[in-house]
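Worksheet: the structure to be examined is printed underneath.
Keep in mind that the numbers below use all heavy atoms, side chains included, and drop hydrogens, waters and symmetry copies. What you see is a predicted model; the values in this text were computed from it and never measured.
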Amino acid sequence: MTTVTAPGTKGGPGTVKGPRPDDRHDRHTDHRRRARRRMRIVAVAFVLPALLLLGALVVYPVLFSVGRSFFDAPGTRFVGGENYAEIFRDPATLTAIRNSTIWVVVAPTLLTGLGLILAVLVEKVRWATAFKLLLFMPMAVSFLAAGIIFRLAYEEDPDKGVLNATVVGVHDAFQGASSYPTARAREGQGLTRAADGSYGTDQAASPGSTVNLGLVGVQPKELPAGAKEALPGAKQQAGRDELRGVVYLDFAPGGGGKQGAVDKAESGLPQMRVEAVRDGKTVATANTAADGSYRFQDLAPGSYTVRLPAANFAQPYEGISWLGPALVTPAIIGAYLWIWTGFAMVLIGAGLSTLPRDTLEAARMDGANEWQVFRKITVPLLAPVLTVVFVTLVINVMKVFDLVYIIAPGPVQEDATVLATQMWLVSFGGGNNQGLGSALGVLLLLLVIPAMVFNVRRFRRSQS
């Protein structure tokens, strides 16, 4: 009978020896090493094209820009840190830094706040999905198209810009516009223009007198609807205690007539405000009728000056200069808010949907009102989501270029410039100084990196 001993033990004749444990362990280890090596090779084969593309499009340009920033504009002479010093000496670059700071402080804060408010309110709307879709739709619009849309919306001419058309409409609804912005008096015809734009008679008049005031500079087609011939009103005689006359257009269609006199076919100027002034004080006012006639009654004896206030000749309200030097940056930020509010709302809404409802309901059952629930429970629980949204928007705002370049008109381009546009302008937009442009690019990269690192670390902590 053959004796079989356990592997690794000594046996006598006829003993069958099996493989040693050390040999099997070594073979298993070698097999795992070969498998891991094959997996690494396969992984490198898949990742290598992406790494080559990343190196060609990101790493190499960054390293090249860093090196180029130490050379002069043509790139032939090493200047060290001169370009970085120039950043803080050039007024246009300092303006870009100031505007970028405004963008970083204002835009992400407003977007995060608006997104939070809308996300909370949308939960209480019956058609929440449709509302979210409506607000998110601008994200599908390119920055180029959005810039063109808002460039037209901000147009200063009310006949072209929808915002100024709205502003002018509201203004004119509460404060009527002047009907005669181009009207003026002829020299030597008894009316003198004051410093404030009003017209007054050269000669004083007393009750019982008739004072006719002729103006020119108004096209007959621009007269208010319902204007009538001035001659009938001019023929009316003033009573003993009244002062009257007509305000008329001293121009007869087809020519003819006498200057300074009311002739046939000359139109009255209705809706004109007239004042009777005595000792520098307005004692009576009147508005002209359809034929331009006016009348002051119950005047005390004495001498009066008839005056046409400056409001009769005020230029029409043209709205707000949205793209002027003072408002161009806030106007562009407004366009940016229109695009990105939906993004902030959707992300915050996703975080809001994961909040524990029992905590919110428990607070309400304990007597907390909606504002207290929002301020003391909802916002603290959403703090991680709000932080990620805010930092993401900061990174995005740092790189804003399209909207500023498209919306800001040429004359105020320098007033609205940010670091990204300034980098392009000094490099390719006429400055032809790639050294300074590279330094601006490196500065922009250094400003973005901390926010990116913070976001990545935040994301890793949330995954752990």
Side-chain angles (χ1 to χ4, degrees), residues 54 56-77 79 81-108 141-151 154 323-325 327-337 339-340 393-452:
L54 185 67
L57 298 181
V58 177
V59 178
Y60 173 74
V62 169
L63 295 178
F64 181 83
S65 297
V66 172
R68 185 68 175 83
S69 67
F70 294 107
F71 288 82
D72 62 355
T76 57
R77 183 171 60 88
V79 295
E82 180 63 25
N83 288 321
Y84 292 95
E86 181 64 20
I87 289 176
F88 299 98
R89 290 198 300 259
D90 182 20
T93 307
L94 292 176
T95 301
I97 294 174
R98 183 200 65 191
N99 289 338
S100 294
T101 303
I102 294 173
W103 272 87
V104 169
V105 172
V106 174
V141 179
S142 68
F143 273 62
L144 173 64
I148 294 174
I149 290 170
F150 276 88
R151 178 67 179 269
Y154 287 136
L323 299 181
L327 293 179
V328 62
T329 295
I332 300 173
I333 291 176
Y336 186 86
L337 295 180
I339 297 173
W340 283 90
L393 292 171
V394 167
I395 296 172
N396 192 276
V397 160
M398 284 281 193
K399 303 179 294 181
V400 66
F401 172 84
D402 314 61
L403 287 179
V404 177
Y405 186 74
I406 296 168
I407 295 178
V412 297
Q413 186 71 245
E414 188 171 320
D415 296 288
T417 186
V418 291
L419 284 173
T421 54
Q422 186 65 16
M423 177 181 66
W424 185 87
L425 289 172
V426 300
S427 298
F428 312 107
N432 296 323
N433 188 345
Q434 281 79 34
L436 179 58
S438 298
L440 284 169
V442 173
L443 174 63
L444 190 58
L445 176 65
L446 293 176
L447 293 175
V448 170
I449 284 177
M452 294 177 62

Thr417 backbone acceptor or donor facing Asn99 side chain under 3.5 Å: yes

Hey, which of Leu327, Ile333, Ile332 is the one that makes side chain to side chain contact (heavy atoms under 4.5 Å, CB included) with Thr329? Ile333

From the list Ile449, Leu447, Val448, side chain to side chain contact (heavy atoms under 4.5 Å, CB included) with Ile395 holds only for Val448

Tightest non-hydrogen contact, residues Val397 and Val104, listed as CG1-N, 3.8 Å

Looking at Ile87, is its backbone amide N or carbonyl O close enough to the side chain of Asn83 to form a donor-acceptor pair, meaning the two atoms are under 3.5 Å apart? no

Glu414 atom CD, neighbour heavy-atom count above 12 within 6.0 Å: no

Report the C-alpha separation of Ile407 and Leu323 in whole Å, then their side-chain angles, then the decisive distance to 0.1 Å, and conclude whether the side-chain contact (heavy atoms from CB on, under 4.5 Å) test is met. CA-CA 8 Å; Ile407 295 178; Leu323 299 181; 3.7 Å; yes

If I compare all heavy atoms of Pro108 with all of Leu393, which pair ends up nearest, and what's the gap? CB-CB, 4.0 Å

Please walk me through it: do Asn396 and Tyr336 pass side-chain contact (heavy atoms from CB on, under 4.5 Å)? CA-CA 11 Å; Asn396 192 276; Tyr336 186 86; 2.6 Å; yes

Considering all heavy atoms, the nearest Asp415-Thr95 contact: O-CG2, 4.2 Å

Provide the closest heavy-atom pair for Val58 versus Pro61 in the form atom of the first, atom of the second, distance. O-CD, 3.3 Å

From CG (Leu440) to OG (Ser69), nearest 0.5 Å: 10.0 Å

Looking at every heavy atom in both Gln422 and Ala92, which two are closest together, and how far apart are they? NE2-CB, 3.7 Å

On the 0 to 90° scale, with breaks at 30° and 60°, tag the Tyr154-Phe150 ring pair as parallel, tilted or perpendicular. tilted

Nearest 0.5 Å please: distance from the CZ atom of Phe64 over to the OG atom of Ser438. 7.0 Å

Separation between OH (Tyr84) and CG (Leu443), nearest 0.5 Å, reads 8.5 Å

CG of Asn433 to CD of Glu86: how many Å apart, nearest 0.5 Å? 8.0 Å

Do you know which two heavy atoms are closest between Thr421 and Tyr405, and how far apart they sit? CG2-N, 4.3 Å

Show your working on side-chain contact (heavy atoms from CB on, under 4.5 Å) between Gln434 and Phe428 and close with a plain yes or no. CA-CA 8 Å; Gln434 281 79 34; Phe428 312 107; 4.0 Å; yes

Among Ile339, Leu144, Val418, find the one that has a side chain to side chain contact (heavy atoms under 4.5 Å, CB included) with Leu403. Ile339

